[in-house]
There are 2 protein chains.
Amino acid sequence: MAVTLNDIARKAGVSLATVSLALNDSNKVNKDTKIRIKEIADELNYVPNARARALVKKSTKTIGLVIPEVVNPFFAELAQAIKDYVRSQDFNVILCSTDYQSEEELRYINMFRSGQVDGAIFACVGDMMAQHNDLIIKLVEENIPVIYVDRDGVDHDLIPVVKSDVYHAAYQAADYLISLGHRELAFAGQSVERLNGFKSALMKHGLELKEENIYYDYLRMEGGYTVGEKIAARDNKPEAVVCLNDEMAIGVIQALIAEKVKVPEDISVVGIDNIKMANFYNPSLTTVNIPVSQMGDKAAEILLKRIAGETLSPKEKFFIFPTELVIRDSSRKA
Amino acid sequence: MAVTLNDIARKAGVSLATVSLALNDSNKVNKDTKIRIKEIADELNYVPNARARALVKKSTKTIGLVIPEVVNPFFAELAQAIKDYVRSQDFNVILCSTDYQSEEELRYINMFRSGQVDGAIFACVGDMMAQHNDLIIKLVEENIPVIYVDRDGVDHDLIPVVKSDVYHAAYQAADYLISLGHRELAFAGQSVERLNGFKSALMKHGLELKEENIYYDYLRMEGGYTVGEKIAARDNKPEAVVCLNDEMAIGVIQALIAEKVKVPEDISVVGIDNIKMANFYNPSLTTVNIPVSQMGDKAAEILLKRIAGETLSPKEKFFIFPTELVIRDSSRKA
DNA sequence: GCCCTCTTTTAAAACGTTTAAATTAACATA
DNA sequence: TATGTTAATTTAAACGTTTTAAAAGAGGGC
C-alpha cells in the first residue's frame, strides 16, 4: 500500500540501503544518485514509516505529559507551552490527563514503560493522589527520562524538578492582605505547601489561624463556590480569603456575590496562578502570578536535553521560579 | 536492557513464539506452559515493546487530535471528552494544536501520514485558515481514517462530520434578543455560518443589519475586549451583542464595564458555547449551549469504529447536535 | 600489470514483535 | 503396523527502517 524504501530502490535501480542513506543525506552516496533518489522519492510521495523507524532507532520522538486535566486553565497553559517547545524540536506530546485518578497515572506509567514515549513530564498536584514515585524511578532507571513540574519527593539527580515557589506565593498573598489591614484571614484549598506559606505570613504578623478559617475543598470553581457559600453563611465572616488558585477564587467570589456579600467591599479575595481569566473577571482578580509558560518551557527544555543524552548541571536539576503579586480589584483596604 | 520475549523464552526453555502466543492468551498453547510463562514474564517485569508491536500490527493505538489551541475552554473540553473516550479503548491522544497556523496543520498531516497515528480528528475552526481538504482526503485514501468536528467541505462518505448547529445557535441568540424587544443588534466574531444564522433571525423579524454592527475580531477574550471598547466609544450604541463564543462575550462585557457601560442594563450580551465560566462569570452569561462533550464522544466513537474497520451507517457519517438557549444574567428586556 | 587508496554501493544483521506454516509428539483407530 | 487426528511447539517470514561491515569499482602511481 504505502510507498517504502524498497519501492524507491526498485525504481531507481539501486539497493535499499543506498536509498536510506541518500534520504538521510549521508555523504557516502554519490551526489547524482542522491539527487535522483530524492526525486523519485518525491515523485512517489514517500513518507518514511515512523513505526519502523521508531523500532530501530529506539525512539518515537514523542513525550508524555501527565496532568490532572486539560480543562483547567493552568494545566492547559502548561500543556500549550510544553507542546510548543517540543514541537520546535520535532517531538510530539501525548496528552495524559489523569482526572485526579491514581490508577490512571499508573496506566500511563505502564504505557511509558512500553516505549511509546522517549520521556515524560509529570505535573500532577502531588497532594491529591497516591504517589508512584517508586514506579517512576523505575521508569528512569529503564532510561526513560522524567521531569517533575511542581511535584516533589524524589532525589533530583534522578528526576529534575521545575517548580514555582508556591509556598512563597501563598505567603505573598496573605502578607499583602495583612498589609491592607485585614486581620481575620481564611484559606481555601488543599495544598500543604501553600497552606504553610499562608500560615507563615500570619505568624510573622503575630496572627493566629483559627481552624474554622481553613476550607479544604475541590480545587476548581465548584469547590470555590462551596467555600463561598459556607463563608457567606457565617456570622463572623473572615475579612479576606486566600485561595489555592484563581479558579477557586472565582468560585468563592461568585458564591459571595450570589449571597449579597460584596467583593472586595465586604471581603477581599485573592487567588494564585494569574490565569488569563483573572484579568477578565469582574471584579478583576488580585492574584499571585505563577510563570506557568516559562515553567513549561523549562521543563520541556530539560527533558529534551535528557532525552538527547546530555548531562545536566546541578542548577538545571532543581529549578524554582519566583512568583509575583498582581494587584487588581478583588482586594482592598480594610 | 529491557526484557524481551527472547529473555522469557530462554528462561522458560521454550521458543519465542510460544511465549508470544502464551502472553496473548492463545488457546494453542498448553495450559501449564502458559501459566509458567506468565509467571516468568511477571517475575521479569516484562512489558511488551510498543514500537515493535506497532510495526507488525500496523497500529499505534494512538490518534491525533487537531485543534487550534488547548488554551481555549471549548477545545479543552473537546479534548478531554475525546481523550476519555478513546482511553477507555486503550487508545492515546497526540495533542496537535495548530495555534491557527495553516502550516502547522500541514506538518501534522505529514506526521499522520508517517503512520504515527491510527486515525485523526480535525476540529479546527474552518473559517480561519487555509484548508487542506485535499491532503486530508489523501490521508483517508491511505487508510488513515479522519473525522471532522465542526468543520466541513468534503464528501461525508470519506470524512464523517460531527457538528453542532451553530447556524441555529446564532439564530437562537439573536431571536431571543429580539424577543426581548431589542432592535439594534451587533455581531462579534468571524464565522460565516454563525453570522448567517444571526442575519436570518434579523431578517425574519424584518430588521436590517447595518455594516457598522458587524465586528470581525480575534475569537478570544482579547478580541472581545477590543470589540467592547469600540462599542463603548460609539454614540449610537447597539442594544445587544451576539458574540461568536463565550470568551469573546466575556471580553466584550469586561470592556463595556471598564468603560462604565452597564451589562445588561445598558447593553445585553450573549455568547455561544456555554463554557463552564459562563455560569461563574459576573454577570453570569446568557449563551447558547453547544454539547461539546457529547460531540467529542461521538467523534471519538465514530473514529474508533472506522479504525476498527467497521462500516458506518449513513446517519453516523453526518451527525449534527442541537443547541440550546441558556438564559442567565447578561441579557434583559429592552 | 599490480598494488594502494578512495569513493560508492550493497549485503546483511538488527530492532522486538506477530503469525502462518511446518514439525513433532502422543495417541486412537483400523 | 500403518494411518490419521489432535494438540503443542517451533521455524521462519514479515513489518520497514537504520547501520555496520564488506564488497565492488574507479583512479592513480609505480
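FYI, side chains are in, hydrogens and waters are out, and symmetry mates aren't considered; it's all heavy atoms of this structure. Chain naming here is simple, since letters A, B, ... match the order of the sequence lines and numbering starts at 1 in each.
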Asker: Of all of residues 8-18 of chain A, which get a heavy atom below 4.0 angstrom from DNA chain D, listed by number?
Answerer: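 Close to the strand are Leu16(A), Ala17(A).
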Asker: Can you tell me if the side-chain N/O atoms of Lys31(B) get under 4.0 Å from OP1 or OP2 in dA8(D)?
Answerer: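 Answer is no, no contact under 4.0 Å.
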Asker: Given that both pair distances must be under 3.5 Å and the pair must be Watson-Crick or G-U, what runs of three or more consecutive pairs involve DNA chain D?
Answerer: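 C:1-30 with D:1-30 - these are the stems of 3 or more pairs that involve DNA chain D.
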Asker: Report the distance from atom CG of Leu21(B) to atom C1' of dA8(D), rounded to the nearest whole Å.
Answerer: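 These atoms are roughly 10 Å apart.
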Asker: Could Glu104(B) and Arg107(B) be called an ion pair, given the rule that one side-chain N must be under 4.0 Å from one carboxylate O?
Answerer: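 So Glu104(B) pairs with Arg107(B) through a salt bridge.
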Asker: If only side-chain N and O atoms of Arg53(A) are considered, is one of them under 4.0 Å from the OP1 or OP2 phosphate oxygen of dT18(D)?
Answerer: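 For dT18(D), OP1 or OP2 has a side-chain N or O of Arg53(A) closer than 4.0 Å.
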Asker: Of Asn30(B) and Tyr46(A), whose nearest nucleotide on DNA chain D comes first from the 5' end?
Answerer: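 Closer to the 5' end of DNA chain D: Asn30(B).
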Asker: Looking for any heavy atom pair under 4.0 Å, which part of the strands does Val56(B) touch: base, sugar-phosphate only, or nothing?
Answerer: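 Counting heavy atoms under 4.0 Å across all strands, the contact made by Val56(B) includes a base.
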Asker: Can you see if the side chain of Lys58(B) gets near the phosphate of dG16(D) - specifically, an N or O under 4.0 Å from OP1 or OP2?
Answerer: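 The answer is yes; a side-chain N or O of Lys58(B) sits under 4.0 Å from OP1 or OP2.
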Asker: In this structure, how many angstroms lie between the P atom of dA14(C) and the CG atom of Asn6(B), rounded?
Answerer: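 For the pair Asn6(B) CG and dA14(C) P, the rounded distance is 12 Å.
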Asker: Locate the shortest heavy-atom distance separating Lys163(A) from Glu193(A); write the atom from each residue and the value.
Answerer: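 That would be NZ-OE2, 3.0 Å.
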Asker: Is it true that Asp84(A) and Arg87(A) make a salt bridge, defined as a side-chain N closer than 4.0 Å to a carboxylate O?
Answerer: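 No salt bridge links Asp84(A) with Arg87(A).
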Asker: Between dT18(C) and Ser20(B), is there an OP1 or OP2 to side-chain N/O distance shorter than 4.0 Å?
Answerer: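 Yes, within the criterion.
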Asker: Could you tell me the separation between the CG atom of Asp25(B) and the P atom of dT19(C), rounded to a whole number of Å?
Answerer: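 My rounded result for the distance is 14 Å.
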Asker: Asn24(B) near the nucleic acid: base, sugar-phosphate alone, or nothing, with a heavy-atom cut-off under 4.0 Å?
Answerer: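 Counting heavy atoms under 4.0 Å across all strands, the contact made by Asn24(B) is with sugar-phosphate only.
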Asker: If we count only N and O atoms by modelled type, under 3.5 Å, do the side chains of Asn92(B) and Thr62(B) hold a donor and an acceptor together?
Answerer: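 No, no side-chain donor-acceptor pair sits under 3.5 Å.
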Asker: Whole angstrom is fine here: how far is it from CG in Asn49(B) over to C1' in dG16(D)?
Answerer: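 Nearest whole value for this atom pair: 15 Å.
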Asker: Are Asp25(A) and Lys38(A) within salt-bridge range, i.e. N to O under 4.0 Å?
Answerer: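 Yes, this pair counts.
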Asker: Report, as yes or no, whether the 6.0 Å neighbourhood of atom NZ on Lys317(B) holds more than 12 heavy atoms from other residues, nucleotides or ligands.
Answerer: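 Counting neighbours around NZ of Lys317(B), more than 12 heavy atoms of other residues, nucleotides or ligands fall under 6.0 Å, so yes.
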Asker: Could you tell me how far apart Arg51(B) (CZ) and dT17(D) (C1') are, to the nearest whole angstrom?
Answerer: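 After rounding, the gap between these two atoms is 13 Å.
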Asker: Counting side-chain heavy atoms from CB outward, which of dT19(D), dT17(D), dT17(C) is closest to Leu5(B)?
Answerer: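 Looking only at side-chain atoms, Leu5(B) lies closest to dT17(C).
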Asker: Specify the separation, in whole Å, of atom CG of Leu23(A) and atom C1' of dG16(D).
Answerer: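 Interatomic distance, CG of Leu23(A) to C1' of dG16(D): 13 Å.
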Asker: For dC15(C), does either OP1 or OP2 sit under 4.0 Å from a side-chain N or O belonging to Thr4(B)?
Answerer: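 Answer no for this pair, as no side-chain N or O of Thr4(B) is under 4.0 Å from OP1 or OP2.
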Asker: Expressed in angstrom and rounded to an integer, what is the separation of Asp7(B) atom CG from dG16(C) atom P?
Answerer: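 The distance from CG of Asp7(B) to P of dG16(C) comes to 9 Å, rounded to the nearest Å.
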Asker: Where each residue is assigned the nucleotide of DNA chain C containing its nearest heavy atom, which of Thr33(A) and Leu55(B) is assigned the position nearer the 5′ end?
Answerer: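 With Thr33(A) and Leu55(B) compared, the 5'-side residue is Thr33(A).
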Asker: Distance check needed: dT7(C) C1' versus Lys34(A) NZ, whole Å only.
Answerer: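 After rounding, the gap between these two atoms is 13 Å.
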Asker: For Tyr85(B), enumerate each residue passing the ring pair (Phe, Tyr, Trp, His ring centres under 6.0 Å) test, keeping only those at least two apart in sequence or located in another chain.
Answerer: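 Tyr85(B): no ring pair (Phe, Tyr, Trp, His ring centres under 6.0 Å) contacts found.
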Asker: When you check the gap from the basic side-chain N to the acidic O, do Lys305(A) and Glu301(A) get nearer than 4.0 Å?
Answerer: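 Between Glu301(A) and Lys305(A) there is a salt bridge, with a charged N closer than 4.0 Å to a carboxylate O.
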Asker: Starting at CG of Asp155(B), measure out to CG of Asn133(B) and round the result to the nearest 0.5 Å.
Answerer: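 Answer rounded to 0.5 Å: 11.5 Å.
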Asker: What orientation do Phe318(B) and His156(B) show, parallel under 30°, tilted 30 to 60°, or perpendicular over 60°?
Answerer: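 Phe318(B) vs His156(B) ring planes: parallel.
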